[in-house]
Student: 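The structure is given below, and queries will be raised subsequently.
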Amino acid sequence: DKNFDVEISPYFSLNYNTPQVHFVHNDIEYDSYRNYGALINLRLAFGQHYDKLYFARIYYLTQVPVVNLSMDIGQVQLTDNRTENVGMYAHLHGSVQGAYNLGQIAMRYMLNGGYLFGDAPYELLEMPAGSMSLGYAKYQYNLLHQASFAHNIYTNAHLEFSGGGIILNRIPLIRRLKLREMLSLKSHYGSLENHYHGIFELPEEFNNKLSAPYAEIGIGLSNIYKFFRIEYVRELSNYYSTMDLSDKQGIRIRAELSF
């Protein structure tokens with residue numbers, strides 16, 4: 001059925017520490033740990049078109065929302081001759097994404113949220129990916145620093161609007177450039193609650209004492225020479241930039257084809 005897809009994926013992984021990543025449990029540092037479980041994913045895509053490429057599917061974004069619901073159930077086992085069984089964990093996650101057109105204006109959106117509880121390693125926490133380069137990151141936060149915070153209950157919202165030249169096409173000479181107005185909004189909100197029992201100590205780099213949501217807004221132009229996009233991005237408050245967890249503002253550039 002094109003509209004309904006269920007996948008069950010058992011997994012097993014052996015994870016090793018690095019000079020930057022340490023696994024400390026009850027004041028004992030472990031070189032590695034084993035992780036096994038099963039991931040169940042339900043995908044609801046009503047009328048979405050796709051092409052088959054060998055064993056993979058290439059999906060095309062439509063105005064009909066695509067919903068993903070997943071549940072990850074697993075357990076961690078400590079190694080290095082100090083084997084210790086711990087409880088199980090469960091990670092519930094849901095997302096919806098799609099596009100919506102209002103005449104010339106096109107909107108793309110992605111909303112997700114999740115909840116991790118039980119005895120789990122901190123690597124399974126939601127760690128919003130930041131990008132501290134000059135490149136505009138489409139699915140990351142452009143001002144947020146890496147390893148800013150880690151949450152077991154969380155939600156993310158990514159919105160992007162393309163004006164399609166609704167304003168710039170009315171300006172003489174400028175309209176010949178066929179530029180398109182861009183507006184983006186990205187936000188994250190979460191917390192670290194007691195239902196999550198960390199097997200390993202959370203690295204000191206993460207700051208989970210702040211409770212305010214993080215949000216950044218961008219405004220810019222796309223279709224520059226049909227290949228470039230440039231945006232001015234700014235944090236909506238001074239909350240995280242003053243704590244040195246994000247930049248206050250910045251110019252970001254991205255290469256993307258526009259038609």
Side-chain angles (χ1 to χ4, degrees), residues 13 15 20-27 33 35 37 39-42 65 67-76 86-97 109-132 137-160 184-218 233-249:
S13 64
N15 305 274
Q20 292 77 31
V21 178
H22 302 275
F23 305 132
V24 179
H25 176 74
N26 291 338
D27 297 325
Y33 72 89
N35 189 25
L39 175 64
I40 305 172
N41 187 77
L42 169 63
V67 179
N68 274 279
L69 302 173
S70 66
M71 179 173 62
D72 181 5
I73 301 176
Q75 189 174 32
V76 168
V86 295
M88 301 186 69
Y89 66 82
H91 187 186
L92 308 177
H93 181 85
S95 69
V96 56
Q97 62 178 341
Y109 60 89
M110 189 285 296
L111 308 172
N112 70 22
Y115 183 46
L116 171 67
F117 59 95
D119 299 342
Y122 61 80
E123 295 170 296
L124 297 183
L125 294 171
E126 173 72 3
M127 306 175 186
S131 175
M132 300 177 64
K138 196 169 186 179
Y139 298 107
Q140 296 177 341
Y141 294 93
N142 290 282
L143 300 178
L144 192 65
H145 297 175
Q146 298 287 1
S148 294
F149 32 74
H151 297 145
N152 73 308
I153 181 170
Y154 59 88
T155 181
N156 296 280
H158 290 199
L159 303 175
E160 180 180 283
S184 64
L185 175 65
K186 300 180 179 182
S187 65
H188 168 88
Y189 183 67
S191 63
L192 191 63
E193 297 189 341
N194 295 331
H195 293 102
Y196 161 76
H197 307 138
I199 296 177
F200 305 114
E201 296 178 7
L202 190 65
E204 296 179 354
E205 292 81 2
F206 294 97
N207 189 327
N208 291 311
K209 297 180 180 179
L210 305 178
S211 58
Y214 172 82
E216 61 185 40
I217 189 171
V233 186
R234 183 181 179 87
E235 185 192 355
L236 284 181
S237 67
N238 295 321
Y239 199 74
Y240 287 96
S241 57
T242 55
M243 299 292 293
D244 198 29
L245 296 176
S246 73
D247 295 334
K248 177 60 182 177
Q249 57 190 346

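Computed over heavy atoms, backbone and side chain alike; hydrogens, waters and symmetry mates excluded.
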Student: Taking the side chain as every heavy atom from C-beta outward, state whether Leu116 and Leu125 have any atom pair closer than 4.5 Å.
Tutor: yes
Student: Are any of the side-chain heavy atoms of Leu159 and Ser184 separated by less than 4.5 Å?
Tutor: no
Student: Does a side-chain heavy-atom distance below 4.5 Å link His195 with Tyr115?
Tutor: yes
Student: Supply the atom-to-atom distance Leu39 CG to Ser70 OG, rounded to the nearest 0.5 angstrom.
Tutor: 5.5 Å
Student: To the closest 0.5 Å, what do you measure between OG (Ser131) and NE2 (His145)?
Tutor: 10.5 Å
Student: So, Gln97 side chain and Val67 main chain: donor-acceptor pair closer than 3.5 Å or not?
Tutor: no
Student: Apply side chain to side chain contact (heavy atoms under 4.5 Å, CB included) to the pair Arg234 and Lys248, showing each step before the final yes or no.
Tutor: CA-CA 6 Å; Arg234 183 181 179 87; Lys248 177 60 182 177; 3.3 Å; yes
Student: Are any non-hydrogen side-chain atoms of Asp27 and Glu201 less than 4.5 angstrom apart?
Tutor: yes
Student: Less than 4.5 Å apart, any side-chain heavy atom of Asn68 and any of Asn41?
Tutor: yes
Student: Do you know which two heavy atoms are closest between Pro121 and Ile199, and how far apart they sit?
Tutor: N-CD1, 4.2 Å
Student: Can you name the nearest heavy-atom pair linking Val86 to Val76, along with the distance?
Tutor: CG2-O, 2.9 Å
Student: Does the ring center of His188 lie less than 6.0 Å from the ring center of Phe149?
Tutor: yes
Student: Grab the two heavy atoms, one from Glu126 and one from Pro128, that are nearest each other, plus how far apart they are.
Tutor: O-CD, 3.6 Å
Student: So Asn156 and Lys186, side chain to side chain contact (heavy atoms under 4.5 Å, CB included) or not? Walk me through it.
Tutor: CA-CA 8 Å; Asn156 296 280; Lys186 300 180 179 182; over 6 Å; no
Student: For the rings on Tyr141 and His158, is their centre-to-centre separation under 6.0 Å?
Tutor: yes
Student: Verify side chain to side chain contact (heavy atoms under 4.5 Å, CB included) between Ile40 and Ile73, making sure each step is shown before the conclusion.
Tutor: CA-CA 9 Å; Ile40 305 172; Ile73 301 176; 5.7 Å; no
Student: Quick check for you: to the nearest 0.5 Å, what is the distance between His197 atom NE2 and Asn152 atom CG?
Tutor: 9.5 Å
Student: Which atom pair, heavy atoms only, marks the closest approach of Ala147 to Phe206?
Tutor: CA-CE2, 3.6 Å
Student: Under the side chain to side chain contact (heavy atoms under 4.5 Å, CB included) criterion, do Phe200 and Glu123 qualify, and how do the steps go?
Tutor: CA-CA 9 Å; Phe200 305 114; Glu123 295 170 296; 5.8 Å; no
Student: So, for Glu235 and Ser246, which heavy atoms are closest and what is the spacing to 0.1 Å?
Tutor: OE1-OG, 3.3 Å
Student: Once you round to the nearest 0.5 Å, how far does CZ of Phe117 lie from CD1 of Ile153?
Tutor: 11.0 Å
Student: Report yes or no: does Tyr214 contribute a side-chain atom to a donor-acceptor pair with the main-chain N or O of Leu236 at less than 3.5 Å?
Tutor: no
Student: Are the side chains of Asn142 and Glu216 in contact, using a 4.5 Å heavy-atom criterion?
Tutor: yes
Student: So does Asp247 get a backbone contact from the side chain of Ser241, meaning a donor-acceptor N/O pair under 3.5 Å?
Tutor: no
Student: So do Met127 and Tyr122 actually touch side chain to side chain, heavy atoms under 4.5 Å?
Tutor: yes
Student: Which donor-acceptor pairs under 3.5 Å do the side chains of residues 88-95 make with protein atoms, sequence neighbours left out?
Tutor:
{"unit_1": "Tyr89", "atom_1": "OH", "unit_2": "Tyr11", "atom_2": "OH", "d": "2.7"}
{"unit_1": "Tyr89", "atom_1": "OH", "unit_2": "Asn35", "atom_2": "OD1", "d": "3.1"}
{"unit_1": "Tyr89", "atom_1": "OH", "unit_2": "Asn35", "atom_2": "ND2", "d": "3.4"}
{"unit_1": "His91", "atom_1": "NE2", "unit_2": "Tyr154", "atom_2": "OH", "d": "3.0"}
{"unit_1": "His93", "atom_1": "ND1", "unit_2": "Gly113", "atom_2": "O", "d": "3.4"}
{"unit_1": "His93", "atom_1": "ND1", "unit_2": "Tyr154", "atom_2": "OH", "d": "2.8"}

